[in-house]
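Report on the following structure.
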Amino acid sequence: MKSASGCKALQRRQIDREEFKKVMGLMRAQNRLGAGLRDGRRFGLKVAEPVENGGLLEYFFGKDGRTCLQHERFVQFFRDLHDEILQLEFAHYDYRSCGIISAKDFALSLVASADIRHISKLLDRVDEVSNELQIRDIRITFAEFKSFAEIRRQLQYLSLAIFSYGKVNGVLTRKDFQRASSQVCGISITNDLVDITFHVFDANRDGNLSSDEFVRVLQGRETASLIAREPGLKGLMSCCANCAKNYSSAKRLL
């Protein structure tokens, strides 16, 4: 059941400091790690105040706590945060700051959060990239890296499209994949991205995407990124990002 203050906040598309703190408490109570913490504090650490009195509240609500947080600003905050995280990940592979990464590094990023039971065969395919004449010299820009990350974020919709556009037996051609990405996610992905992706997830080397494996690996990565592995502020940011994403997804379906 929604509280009266929660309904009013939805109507005016903004939230005040106290409402935000209440939402934080609810999210922490539902989080498997945060549920065991008192007032947002970690056991074994000396913390003078609950974590909700930290810098995030001041950033959102001002030093006096009287500024209301607008929905648009909240969403933009997480868009900016997502972009910065992507830039850090890209920089991890682009250690020479050239503005591009190799085909093999992009392939590694694809399987970064694969299930440990399947990681060996996926890493073998990644290693094979260096020997594939058609893709070994490909270089991926940050713009391409970001476009594929956006596809991961919309995996729920893409996976439905994959099995609609693909053949009945569950495989997907390159054209099917690009058409699904464009029409469902609104994202045009380059042939280079498609070629590397199909190399990694073409299990039987028939030129088609192994849809089940592709969705499973990417879904595992998105799930891992949304689980609050740390209590406190880090957990809050993860939970809030999930809420913001779900809210936007819900709006699109209405």
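Keep in mind that what you see is a predicted model, and the values were worked out from it rather than measured.
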Give, for atom CG of L158 and atom SG of C185, the distance between the pair rounded to the nearest 0.5 Å. 4.5 Å
Distance (rounded to the nearest 0.5 Å) between I138 CD1 and E132 CD: 10.5 Å
Compare every heavy atom of L122 with every heavy atom of V111, then report the nearest pair and how far apart it is. CG1-CB, 3.9 Å
Aromatic ring proximity, centroids under 6.0 angstrom, F106 and Y93: no
Using 0.5 Å steps for rounding, measure from the CD1 atom of I151 to the OG atom of S181. 3.5 Å
Please evaluate residues E128 and K104 with respect to the criterion salt bridge (charged side-chain N to carboxylate O under 4.0 Å, His left out), reporting the C-alpha separation (whole Å), side-chain torsions for both, the decisive distance (0.1 Å), and the verdict. CA-CA 9 Å; E128 292 170 2; K104 184 174 181 179; over 6 Å; no
So, do I196 and I140 sit near enough that their side-chain heavy atoms are less than 4.5 Å apart? yes
Polar side-chain atom of S159 near backbone of Q156 as donor-acceptor pair, under 3.5 Å: yes
E144 side chain vs T141 backbone, donor-acceptor pair below 3.5 Å: yes
I need the S147 OG to F142 CZ distance, nearest 0.5 Å. 10.0 Å
Below 4.5 Å, heavy atoms only, C-beta onward: do V126 and H199 meet side chain to side chain? no
Report the residue from H71, Q70, E72 that forms a side chain to side chain donor-acceptor pair (under 3.5 Å) with Q14. Q70
Are L155 and F201 linked, directly or through other ILVMFWY residues, by side chains that come within less than 4.5 angstrom of each other? yes
After noting the C-alpha distance and the side-chain angles of L123 and L108, does the key distance pass the side chain to side chain contact (heavy atoms under 4.5 Å, CB included) rule? CA-CA 8 Å; L123 288 177; L108 281 171; 3.9 Å; yes
Restricting to non-hydrogen atoms, name the atom on S109 and the atom on E89 that form the minimum distance, rounded to 0.1 Å. CB-OE2, 4.0 Å
Aromatic F61 / basic R73 pairing, under 6.0 angstrom, 45° off normal: no
For the pair Q178 and N191, evaluate side chain to side chain contact (heavy atoms under 4.5 Å, CB included) and give the outcome as yes or no after the intermediate values. CA-CA 9 Å; Q178 287 179 303; N191 292 334; 2.9 Å; yes
If you take all heavy atoms of V217 and L110, which pair is closest and at what distance? CG1-O, 3.5 Å
State yes or no: do L86 and I100 share one hydrophobic cluster built from I, L, V, M, F, W and Y residues joined by side-chain heavy-atom distances below 4.5 Å, directly or via other members? no
V129 and R136: which non-hydrogen atoms are nearest, and at how many Å? O-CB, 3.2 Å
Distance check, rounded to the nearest 0.5 Å: L56 atom CG versus L69 atom CG? 9.0 Å
For the CZ atom on R205, are there more than 12 heavy atoms of other groups (residues, nucleotides or ligands in this structure) within a distance under 6.0 Å? yes
Reported CG-to-CD1 distance for the pair L193 and I189, which is rounded to 0.5 angstrom: 6.0 Å
Should the ring pair Y59 and F77 be called parallel, tilted or perpendicular, given that the plane angle runs from 0 to 90° and is split at 30 and 60? tilted
Could you tell me whether E213 and R125 have a side-chain N and a carboxylate O separated by less than 4.0 Å? yes
Just do the salt bridge (charged side-chain N to carboxylate O under 4.0 Å, His left out) check on E150 and R153 with the steps written out, would you? CA-CA 5 Å; E150 184 59 33; R153 295 179 69 195; 3.4 Å; yes
Check the pair D94 / F145 against side chain to side chain contact (heavy atoms under 4.5 Å, CB included), numbers first and verdict last. CA-CA 12 Å; D94 182 23; F145 191 80; over 6 Å; no
Which label fits F148 and F177: parallel for a plane angle under 30°, tilted from 30 to 60°, or perpendicular past 60°? tilted
With a 4.0 Å cut-off on N to O distance, would you call K121 and D124 a salt bridge? no
Minimum-distance pair of heavy atoms, taken over all atoms of R152 and L218: CG-CD2, 3.6 Å
Report yes if the side chains of K146 and Q87 come closer than 4.5 Å at any heavy-atom pair, otherwise no. no
Shortest non-hydrogen contact between V194 and R174, atoms and distance: CG1-CG, 3.5 Å
How about D80 and Q76: does a side-chain donor come under 3.5 Å of a side-chain acceptor? yes
Would you please test I85 and H82 for side chain to side chain contact (heavy atoms under 4.5 Å, CB included) and show each step? CA-CA 5 Å; I85 291 173; H82 179 259; 5.8 Å; no
